[in-house]
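Have a look at the structure below before the remarks.
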Amino acid sequence: MREAGTKAPRHAGTKGKRLPRSFFAAGPEALAPALLGQRLVRILPDGTRLAGLIVETEAYLGVEDRAAHSFGGRRTQRVKSMYQRPGTAYVYFTYGMHYCFNVVCGAVDEPVAVLIRALEPTEGLEAMRAARAGRPGKGGMVAARRDPARVVRDGELCSGPAKLCRAMSIDRSLDGADLVKDDRFFIETGRSADLEPRMIGRARRIGVDYAGDWARRELRWFVRGNPNVSRPPR
DNA sequence: ATGACGATTTACT
DNA sequence: GTAAATCGTCATA
């Protein structure tokens, strides 16, 4: 994690300790800010290690949260991962072309989670650029709009929930993965200790205007001044 | 079986 | 700022 204005992270490439299940069991409002600065790691089938520090998260509070997929106790095929153990990955497909990734953080049958909205990329940037240059999601953009040669600036590589999934090759195959045990997908201790409270911002969640009062609640946390944050508040 | 919509991103005015 | 892309999911019938 770096403050605005400083150079590349000194500890890029550093491997941390894997976060234990007890860390993930904190519940969404505690886990969302606690995940800031932690390192999300993805090992590709060919062994390439991709990683980034988490710089933006959102809490989804479950059955009473109108913005949550589990609102009202919905227990559909799509959201089944949200009802699993803390530390489970909930990956869903949306808008016909994008994936988003959440960390489940409640007891079994308590469908709460934290959406990972942005990362500061630290390892495997080349592979990320290649993944982001092509077409998104499943079917992906029409021919007229896809541009395999398009250049994605580093600050835009993982600056959104679907962008980071694209950059890190996170798709449906990782839905339900156990982040505590899985060897392709996990979270390590990063540089959260460097984050003073004043460096953490809080704001409304993005893209949930349909959720009435729940749209107004400040359930989004982000690292102030970090260029990878998807939508820095005013 | 059908229709409306989405925890988004992108290009364009 | 607006609109298009694109299809699985969900509610309704």
Side-chain angles (χ1 to χ4, degrees), chain A residues 28-29 31-32 35 40 54-83 88-106 111-119 128-129 131-176 202-222 228-234:
Chain A
E29 288 179 280
L31 183 64
L35 279 174
L40 180 67
I54 297 170
V55 298
E56 184 183 357
T57 58
E58 281 179 359
Y60 285 84
L61 307 198
V63 299
E64 51 174 17
D65 181 356
R66 219 172 178 84
H69 292 161
S70 52
F71 173 68
R74 281 190 199 81
R75 200 162 184 145
T76 58
Q77 186 61 27
R78 176 179 64 158
V79 300
K80 66 183 188 306
S81 295
M82 278 190 82
Y83 291 79
T88 298
Y90 168 44
V91 180
Y92 67 91
F93 183 63
T94 190
Y95 288 103
M97 63 190 104
H98 300 301
Y99 293 97
C100 292
F101 159 59
N102 295 253
V103 179
V104 174
C105 57
V112 294
V114 172
L115 173 69
I116 306 303
R117 283 196 60 90
L119 306 174
M128 291 187 193
R129 281 185 207 105
R132 289 275 285 115
R135 60 192 208 285
K138 226 182 146 244
M141 305 276 224
V142 295
R145 301 187 76 174
R146 70 173 71 128
D147 178 10
R150 100 179 213 270
V151 177
V152 179
R153 295 165 36 202
D154 286 1
E156 267 84 64
L157 234 30
C158 298
S159 59
K163 293 180 187 176
L164 98 245
C165 283
R166 183 90 190 139
M168 297 190 80
S169 297
I170 297 167
D171 62 23
R172 245 336 190 8
S173 68
L174 294 174
D175 182 40
R202 197 172 168 174
R204 294 176 175 189
R205 294 177 293 184
I206 303 297
V208 297
D209 291 344
Y210 58 82
D213 294 332
W214 286 91
R216 270 156 241 142
R217 295 191 46 173
E218 300 204 315
L219 293 172
R220 172 179 171 231
W221 287 263
F222 58 96
N228 300 276
V229 171
S230 68
R231 290 185 47 187
R234 354 169 339 179

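It should be emphasised that the depicted structure is a prediction, and the values quoted were computed from it without experimental measurement. Numbers restart at 1 for each chain; the letters A, B, ... are given by sequence-line order, proteins then strands.
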Only pairs under 3.5 Å count here: list side-chain donor-acceptor contacts from residues 73-80 of chain A, not counting sequence neighbours, and write none if there are none.
unit_1	atom_1	unit_2	atom_2	d
A:R74	NH1	A:F71	O	2.8
A:R75	NH1	A:D109	OD1	3.2
A:R75	NH2	A:D109	OD1	2.6

Please classify the nucleic acid contact of A:R205 as base, sugar-phosphate, or nothing, using heavy-atom distances under 4.0 Å.
nothing

Side chain of A:R74 only, heavy atoms from C-beta on: which candidate in B:dG6, C:dA11, C:dT9 is closest?
C:dA11

Distance under 6.0 Å and angle within 45° of ring axis: A:R205 vs A:Y60:
yes

N/O (side chain, A:R217) to phosphate O (OP1/OP2, B:dA7) under 4.0 Å
no

What nucleotide, of C:dT6, B:dT8, C:dG8, holds the atom closest to the side chain of A:R117?
B:dT8

When you compare the ring of A:Y92 with the six-membered ring of B:dA7's base, are the centres less than 5.5 Å apart and the planes under 30° from each other?
no

Report yes or no: is the ring centroid of A:Y95 under 5.5 Å from the six-membered base ring centroid of B:dG6, with the two planes under 30 degrees?
yes

Does A:E218 come within less than 4.0 Å of A:R204, counting only side-chain N to carboxylate O?
no

When you measure from the side chain of A:P161, which nucleotide among B:dG6, B:dT10, B:dT9 comes out closest?
B:dT9

Taking Watson-Crick and G-U wobble pairs with both distances under 3.5 Å, convert DNA chain B into its dot-bracket string, 5' to 3', dots for unpaired and | for cross-strand pairs.
||||||.|||||.

Which nucleotide in the list C:dC10, B:dT8, B:dT10 gets nearest to the side chain of A:A162?
B:dT8

Counting heavy atoms from C-beta on, name the nucleotide in C:dA5, B:dT9, B:dA7 closest to the side chain of A:M97.
C:dA5

Would you mind reporting whether A:R66 and A:Y210 have side-chain heavy atoms less than 4.5 Å apart?
no

Distance test, side-chain N/O of A:T76 to OP1/OP2 of C:dC10, below 4.0 Å
yes

Quick one: does A:N102's side chain have a donor or acceptor within less than 3.5 Å of a partner on A:V104's backbone?
no

Minimum heavy-atom distance between A:V114 and A:C105, given as atom pair plus value:
CG2-SG, 4.2 Å

Go through the steps to decide whether A:S159 and A:N228 satisfy the test side chain to side chain donor-acceptor pair (under 3.5 Å), and finish with yes or no.
CA-CA 5 Å; A:S159 59; A:N228 300 276; over 6 Å; no

Tell me whether the side-chain N/O atoms of A:H98 come closer than 4.0 Å to OP1 or OP2 in B:dT9.
no

Ignoring the backbone of A:R150, work out which of B:dG6, B:dT8, B:dT10 is nearest its side chain.
B:dT10

Per atom distances to the A:R172 side chain, the nearest of B:dA11, C:dG8, B:dT8 is C:dG8

